[in-house]
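Contents: one structure, followed by commentary.
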Amino acid sequence: MTRFANPNRFLRWSGRLLPWLAAATILLFGVGLYLALIASPPDYQQGESVRIMYVHVPAAWMALFCYVAMAGAAAVGLIWRHPLADIVAKASAPIGAAFTLLALVTGALWGKPMWGTWWVWDARLTSVLVLFFLYLGYIALNSAFDDPGRGARASAILALVGLVNVPIIKFSVDWWYTLHQPASVIRAGGPAIHPSMLWPLLLMAAAFTCYYLWVLAVRVRGEIVAHKIRALRLRQAYG
Amino acid sequence: MKRKHKRLTFVAVGLGLLGLAAALFVSAIGDSVAFFHSPSDLANQGDLGDRRIRVGGLVEEGSIERGHGTEVRFRVTDLARSVPVVYVGILPDLFREGQGVVAQGRLRGGVFVAEEVLARHDETYMPPEVAEALKQAGTWQHMGQHMEAAGAASMPADGYQ
């Protein structure tokens with residue numbers, strides 16, 4: 001594992017992986033969006049508004065997935081002082097924040113016609129908004145220090161503390177009365193969603209995951225190059 | 001003990017304590033996080049005075065009565081108890097018998113006077129043809145029956161479990 005995590009080796013193997021990730025993302029989004037927006041049936045209750053779900057649900061899943069990946073990488077960076085782990089954590093944050101914002105916005109667009117309101121302060125919606133602020137706090141704290149190492153350590157602790165919010169988001173709909181409906185796919189007793197709608201949803205989820213890996217690889221490569229440039233400049237300046 | 005082992009122990013113990021604190025916090029706040037009360041909660045709570053509250057449940061079958069203009073009367077039930085609701089205004093599209101709803105307003109003399117009625121969507125998704133076929137085959141589980149069959153799983157009867 002550590003063999004692949006050396007920054008120079010990462011640049012080499014991720015460079016070969018990048019076009020494949022890009023192709024998989026574009027292909028999965030092409031097929032997924034066609035099935036979700038055109039080929040899949042309307043819902044018996046929601047009608048055509050159900051199509052918002054194909055973007056909202058994968059975005060919300062990825063919001064949680066990115067957070068766990070970010071906190072995991074931050075922990076590895078904090079404990080083993082691995083430079084690539086700090087970079088992965090830092091690079092994940094803006095992508096996760098974007099997914100969270102997308103989930104919040106598409107949720108509001110769905111809520112207005114279905115519930116009758118854009119927003120309510122129930123446990124699910126509020127805990128997801130807290131997740132968004134955790135991402136913003138992480139990004140701010142990470143870049144608040146002149147020494148990137150100190151920024152990484154301080155923000156890693158914030159990321160780990162914020163980890164308690166993840167199970168709260170997932171189980172908020174089971175623990176408390178919320179306006180948000182309970183889980184449809186990952187639930188006891190199997191999915192409560194018809195296969196004709198489940199498949200497009202899973203394809204969209206795969207597309208979102210490939211997109212995350214692709215953008216993450218691009219961002220991590222950029223960060224590594226930026227670190228190299230800074231090291232070269234420092235060497236030039238101090239001989 | 002090497003420094004990285006110290007850091008590992010520190011992070012592991014920290015996360016464990018944090019998890020414990022979060023679990024205590026979650027079990028302590030309990031029902032106060034609930035977005036709405038069930039009709040059973042309402043019956044057990046005694047006099048609420050003029051407090052603005054939300055009551056949620058299913059629209060009881062056959063209870064919808066349209067009045068003058070946009071006035072509508074219906075009963076909200078959690079399948080154990082129900083409460084009569086009166087509302088003047090535009091109802092959300094999903095509003096129908098057996099549908100989950102959340103009404104915000106005040107309890108006045110046993111009748112809940114709602115200022116706002118929101119629809120609550122359940123977690124089932126299917127095409128209209130499938131819903132139609134299930135109804136014809138007699139295997140259609142309406143949300144109300146579904147809740148009864150599943151022990152009110154989709155809307156926990158006692159809030160925090």
Side-chain angles (χ1 to χ4, degrees), chain A residues 40-47 49-50 53 71 75 78-81 110-117 120-127 156-157 160-165 167-168 171-185 187-189 191-198 201, chain B residues 3-12 14-15 18-19 21-23 25-27 29-38 41 54 56 90-96 99-100 102 116-132 134 146 150 153-156 159-161:
Chain A
S40 70
D43 181 67
Y44 77 113
Q45 282 192 79
Q46 304 163 55
S49 306
V50 72
M53 181 266 290
L78 193 65
I79 297 164
W80 288 281
R81 294 281 193 264
W110 182 89
K112 188 61 187 169
M114 290 299 122
W115 290 338
T117 182
V120 290
W121 293 98
D122 81 347
R124 171 57 75 80
L125 276 65
T126 309
S127 57
I157 291 169
L160 287 172
V161 171
L163 211 48
V164 295
N165 193 31
I168 293 178
F171 295 112
S172 56
V173 288
D174 303 321
W175 289 344
W176 301 295
Y177 287 140
T178 53
L179 188 60
H180 194 285
Q181 60 266 39
S184 295
V185 180
R187 71 195 269 278
I193 172 167
H194 193 263
S196 63
M197 298 167 156
L198 183 60
L201 177 62
Chain B
R3 287 190 60 174
K4 66 177 172 188
H5 289 142
K6 248 185 213 165
R7 291 195 294 258
L8 179 62
T9 319
F10 181 75
V11 168
L15 279 182
L18 202 66
F25 174 74
V26 162
S27 68
I29 47 174
D31 272 351
S32 60
V33 188
F35 184 64
F36 57 88
H37 301 276
S38 68
D41 290 345
R54 293 192 195 93
I90 313 270
L91 290 162
D93 290 351
L94 280 182
F95 183 90
R96 64 179 75 113
Q99 182 73 38
V102 176
E116 185 182 39
V117 174
L118 302 177
R120 192 175 182 276
H121 191 258
D122 62 25
E123 73 272 34
T124 29
Y125 294 78
M126 63 177 101
E129 310 87 69
V130 176
E132 203 51 49
L134 282 179
H146 182 73
S154 65
M155 219 186 261
Y160 173 72
Q161 289 168 318

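Lettering of chains follows the sequences in order, A, B, ..., and the numbering in each one begins at 1.
No donor-acceptor distance shorter than 3.5 angstrom exists from the side chain of B/Arg54 to the backbone of B/Val102, with no hydrogens or angles considered.
Taking the side chain as every heavy atom from C-beta outward, A/Arg187 and A/Pro182 never approach each other to under 4.5 Å. The shortest distance between side-chain heavy atoms of B/His121 and A/Asp43 falls below 4.5 Å. Considering only heavy atoms from C-beta on, A/Trp110 comes within 4.5 Å of A/Gln46 through its side chain.
Relative ring orientation between A/Tyr177 and B/Phe36 is described as parallel, the plane-to-plane angle staying below 30° on a 0-90° scale split at 30° and 60°.
Both the backbone and the side chain of A/Leu78 have a heavy atom closer than 4.5 Å to some heavy atom of chain B. With a threshold of 4.5 angstrom between heavy atoms, A/Met197 approaches chain B through side-chain atoms but not through N, CA, C or O. For chain A, the nearby part of B/Leu15 is the side chain; its heavy atoms alone come within less than 4.5 Å. The parts of B/Pro128 that come within reach of chain A are both its backbone and its side chain, each placing non-hydrogen atoms under 4.5 angstrom from that chain. In this structure, chain B has heavy atoms under 4.5 Å from both the backbone and the side chain of A/Val161. Contact annotation for B/Ile29: only side-chain heavy atoms (C-beta onward) come within less than 4.5 Å of a heavy atom of chain A. Within the 4.5 angstrom heavy-atom criterion, no atom of A/Ala156 approaches chain B.
In terms of heavy-atom pairs under 4.5 angstrom with chain B, the leader among A/Leu163, A/Ile157, A/Thr126, A/Val120 is A/Val120. Ranked by non-hydrogen atom pairs under 4.5 Å with chain B, the options A/Pro113, A/Gly47, A/Ser40, A/Pro41 are led by A/Pro41. When each of A/Ala123, A/Pro42, A/Gly116, A/Pro191 is scored by its heavy-atom pairs under 4.5 Å with chain B, the top score falls to A/Pro42.
The shortest heavy-atom contact between B/Arg120 and A/Thr178 is NE-O, 2.9 Å.
The side chain to side chain donor-acceptor pair (under 3.5 Å) test applied to A/His194 returns A/Ser196, not counting sequence neighbours.
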